[in-house]
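Structure record follows, encoded as structure tokens.
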There are 2 protein chains.
Amino acid sequence: MNIKAVAKLANVSTATVSRTINGSPKVSPDTAARVRKAMETLNFVLNTNARALGSGRSNLLGLIISDITNPFFPELVKAFEDIAVSQGKEVLIANTDYDPDRTMHCVTRMLQRKVDGVAIMTSEISEHVISFFLKRKIPVVFLDTGEPAPGISRINIDYPAGVEMAMQYLTQLGHKDISFISGPLNLNSAKTRYQAFMESSAREHLSAKAEYVQEGNHRPDGGYRAMQRILALEQRPTAVLTSNDLTAIGAMGAIFEAGLRIPQDISIIGFDDIQLSAFTEPPLTTVRIPHKDVARVAIEALLGTQDPISKEPKDGAQYKIQPIFMPRRSAGPVPGEAHSFKRRRADRLHA
Amino acid sequence: MNIKAVAKLANVSTATVSRTINGSPKVSPDTAARVRKAMETLNFVLNTNARALGSGRSNLLGLIISDITNPFFPELVKAFEDIAVSQGKEVLIANTDYDPDRTMHCVTRMLQRKVDGVAIMTSEISEHVISFFLKRKIPVVFLDTGEPAPGISRINIDYPAGVEMAMQYLTQLGHKDISFISGPLNLNSAKTRYQAFMESSAREHLSAKAEYVQEGNHRPDGGYRAMQRILALEQRPTAVLTSNDLTAIGAMGAIFEAGLRIPQDISIIGFDDIQLSAFTEPPLTTVRIPHKDVARVAIEALLGTQDPISKEPKDGAQYKIQPIFMPRRSAGPVPGEAHSFKRRRADRLHA
DNA sequence: TTGTACGCGTTATCAA
DNA sequence: TTGATAACGCGTACAA
């Protein structure tokens with residue numbers, strides 16, 4: 001069940017079989033047909049290991065993410081895979097779980113499998129591992145961290161703009177006491193969002209009480225606990241911004257359990273816009289990260305970043321992705337004040 | 001940066017390097033040390049393609065799932081990966097999206113990469129593709145479908161038992177009019193759950209109105225729409241069972257939008273117990289599928305199913321997984337009747 | 001248009 | 001305990 005058996009059955013050389021497989025134009029239609037028939041009857045399956053070994057190319061794109069359990073990532077993975085497949089590439093997924101050891105292990109896997117490019121969608125990666133890829137001339141695209149360089153492309157989500165939209169929305173609704181539940185602050189990605197909040201908060205001259213910022217873990221339980229701490233505060237904020245949707249969902253649980261209403265008593269806004277956020281009660285107002293764009297741009301960067309002639313990495317591109325504000329129903333006017341606030345339709349079905 | 005360079009630097013043959021890499025006992029400690037040092041200085045990375053080609057083994061376990069966007073699967077993937085890695089295996093993930101063509105493509109990928117075993121966690125796969133794996137003596141484990149056979153293991157979730165627990169719970173709370181929102185009924189997995197409901201419903205002598213069963217799509221939007229249809233019914237049910245948690249979450253949105261309360265006006269129960277279901281409002285009563293057990297058992301089946309001596313597949317094992325009922329707060333006594341119902345604590349933090 | 005023959009990096013067999 | 005060398009299955013010059 002290798003190329004040789006096919007060649008024998010079709011009465012051609014292995015080279016012709018190989019050419020047929022790879023759609024070479026210089027193989028006569030009828031021999032090609034004969035070869036294909038032989039493959040069919042033999043149930044021939046190409047050995048990609050041998051192919052990669054011989055050609056040096058694996059047709060594999062690596063995708064490193066930090067937490068497959070956070071719905072944002074599966075959505076990203078799916079978009080990435082869809083586009084990759086449409087370009088004739090396959091995807092090798094690796095999950096770091098925010099663990100440095102495991103991250104290193106993921107990088108090794110990518111190297112071992114000779115990927116044609118890697119998208120690193122976790123900011124928890126030491127810059128020096130890039131060199132591993134660069135030395136081997138493997139194109140890299142990063143999300144959310146660092147500067148572009150030859151062979152390295154960067155995708156930056158405009159967090160400040162996203163946070164600003166949310167803050168503007170809240171201040172226009174009369175909120176002045178706005179809390180923030182961050183992600184784990186030892187993570188760069190979380191820190192970036194946190195800083196964006198702090199800057200926006202300063203710009204709007206809001207009360208910058210230290211207790212108004214509580215640390216979560218980007219998971220519901222962290223948001224839940226952080227919200228409990230916020231609710232226990234002497235002077236409770238009237239609105240809460242969270243570092244991601246999962247955090248917001250956890251926080252909503254704590255709010256309801258305290259017998260408060262959303263958004264009448266307290267407003268809440270998430271970040272990411274995972275599919276489920278349209279189906280919480282009330283539907284979650286959030287800031288969407290357009291994950292399809294992220295995926296598209298990542299693959300574009302990976303496939304376009306290597307000069308097809310010299311195999312030298314070209315100058316890496318830099319992409320900026322604009323978040324989109326998604327007003328739903330978890331954020332409303334500040335309590336106790338009259339505001340003209342158009343209550344929106346549910347929007348559950350219309351992303 | 002191949003084994004040859006390492007051999008040269010360490011003044012040994014490539015065979016010795018290979019033996020060192022693979023921890024062969026018959027290589028003297030000091031030569032091993034010399035080799036390791038050489039690997040270090042050269043930043044040597046093993047080429048797994050070459051290894052797979054030479055040895056015939058890939059160290060790769062395939063995992064085919066149907067919808068990575070459904071949180072149940074990432075949780076399963078993660079558990080599967082964790083165990084696989086702890087056994088020195090890697091995981092190749094493939095997502096079918098319920099698409100037959102794509103499914104076939106996934107199978108081909110597995111074959112091409114010469115996986116050492118495949119876990120097929122989607123029931124949407126024609127039984128004849130098994131032969132592809134069996135012919136090549138690749139162990140297979142299926143979830144939720146078919147009979148065990150040589151080289152094929154099966155994991156069956158006891159859906160009837162799971163549904164029965166939910167139904168018992170509801171009937172004991174006085175419910176007699178219980179609705180069911182199914183998954184897409186062209187899918188085997190959805191059909192199984194649907195049938196379990198129908199049987200349980202008959203057993204409990206419940207009103208088996210045809211309109212009480214509505215078809216969803218295993219996603220929130222499907223649950224939302226199905227619930228709207230149910231709410232429009234002349235005689236509304238007092239409780240709704242759903243085919244999975246995502247469906248339940250969508251249904252809850254529709255209930256709230258109709259101005260009804262959960263569980264005072266209507267009770268709802270999910271299936272799967274995804275992480276988020278503890279953080280909905282109210283927390284979702286559901287039937288847990290213990291995904292860690294599923295993952296553990298799957299890998300056990302894959303790794304134990306091939307006779308290590310003869311390489312002949314052993315008789316496949318059959319495993320039955322018992323679901324676990326997770327009472328939270330979305331199901332309560334039937335409206336308008338006095339019942340002794342202990343309202344549970346939230347349980348958000350304690351799975 | 002087709003065939004021959006070598007190389008890819010590793011493992012495995014057989015000698016030493 | 002180590003070394004030399006033949007596979008493994010495919011791609012690809014180069015030749016025909």
Side-chain angles (χ1 to χ4, degrees), chain A residues 1-36 38-39 42-60 88 90 108-109 111-116 136-137 311, chain B residues 1-36 38-39 42-60 88 90 108-109 111-116 136-137 311:
Chain A
M1 20 187 126
N2 54 18
I3 221 178
K4 223 155 147 187
V6 176
K8 199 169 170 184
L9 182 60
N11 250 319
V12 295
S13 72
T14 60
T16 302
V17 177
S18 175
R19 281 190 280 257
T20 308
I21 292 173
N22 296 293
S24 163
K26 38 185 179 179
V27 45
S28 83
D30 43 341
T31 44
R34 221 166 61 244
V35 170
R36 264 190 280 275
M39 295 199 295
L42 288 179
N43 267 135
F44 171 74
V45 173
L46 185 75
N47 184 328
T48 51
N49 295 310
R51 183 214 281 264
L53 182 58
S55 71
R57 243 182 325 284
S58 66
N59 246 8
L60 220 48
E90 288 186 67
T108 305
R109 276 179 62 190
L111 260 23
Q112 289 184 336
R113 301 260 169 216
K114 295 277 174 292
V115 294
D116 296 340
R136 293 167 176 79
K137 303 201 187 307
K311 300 285 180 197
Chain B
M1 24 194 121
N2 54 16
I3 220 178
K4 225 157 153 185
V6 176
K8 198 169 170 185
L9 181 60
N11 249 319
V12 294
S13 72
T14 60
T16 302
V17 178
S18 174
R19 281 190 280 256
T20 307
I21 292 173
N22 296 292
S24 162
K26 38 185 178 179
V27 47
S28 84
D30 43 340
T31 44
R34 220 166 60 245
V35 170
R36 264 189 281 275
M39 293 198 297
L42 288 180
N43 267 136
F44 170 75
V45 174
L46 184 76
N47 184 327
T48 50
N49 295 310
R51 184 213 280 263
L53 183 58
S55 71
R57 255 164 304 107
S58 66
N59 245 8
L60 221 47
E90 289 186 66
T108 306
R109 276 180 62 189
L111 260 23
Q112 289 184 336
R113 301 261 169 215
K114 296 276 174 292
V115 293
D116 297 340
R136 294 168 176 79
K137 301 199 190 308
K311 300 286 179 197

[X]: what forms a side chain to side chain donor-acceptor pair (under 3.5 Å) with it, not counting sequence neighbours?
{"X": "A:T48", "value": "none"}
{"X": "A:R19", "value": "none"}
{"X": "A:T14", "value": "none"}

Working for side-chain contact (heavy atoms from CB on, under 4.5 Å), residues B:I21 and B:F44
CA-CA 11 Å; B:I21 292 173; B:F44 170 75; 3.7 Å; yes
Return the set of residues passing side-chain contact (heavy atoms from CB on, under 4.5 Å) with A:N2 (not counting sequence neighbours), or none when no residue passes.
A:K4, A:A5
Partner set under side-chain contact (heavy atoms from CB on, under 4.5 Å) for A:L111, not counting sequence neighbours:
A:V107, A:F132, A:F133, A:R136, A:I138, B:V45
Who pairs with A:R113 by salt bridge (Lys or Arg N to Asp or Glu O under 4.0 Å), at least two apart in sequence or on another chain?
B:E90
Distance-only donor-acceptor pairs under 3.5 Å for side chains of residues 6-13 of chain A, two or more places apart:
from: A:S13; atom 1: OG; to: A:A15; atom 2: N; distance (Å): 3.4
from: A:S13; atom 1: OG; to: A:T16; atom 2: N; distance (Å): 3.4
from: A:S13; atom 1: OG; to: A:T16; atom 2: OG1; distance (Å): 3.3

Once side chain to side chain donor-acceptor pair (under 3.5 Å) is applied, what residue pairs with a partner in residues 25-35 of chain B remain, sequence neighbours excluded?
B:S28-B:D30, B:S28-B:T31
Using the C1' atoms of five pairs at each end, what's the angle between the two axes of the helix from C:dT1-D:dA16 to C:dA16-D:dT1, to 10 degrees?
30°
Begin from the C-alpha positions of A:I3 and A:R51 and carry the test side-chain contact (heavy atoms from CB on, under 4.5 Å) through to its verdict.
CA-CA 11 Å; A:I3 221 178; A:R51 183 214 281 264; over 6 Å; no
If the sugar-phosphate is the primed atoms plus P, OP1 and OP2 and the base is the rest, what is the B/S/- string for nucleotides 9-16 of chain D, using protein heavy atoms under 4.0 Å?
BSBB----
Check every strand shown and say whether B:N11 touches a base, only sugar-phosphate, or nothing at a heavy-atom separation below 4.0 Å.
sugar-phosphate
With heavy atoms of chain B within less than 4.0 Å as the criterion, where does contact along DNA chain C begin and end?
C:dG9 to C:dA12
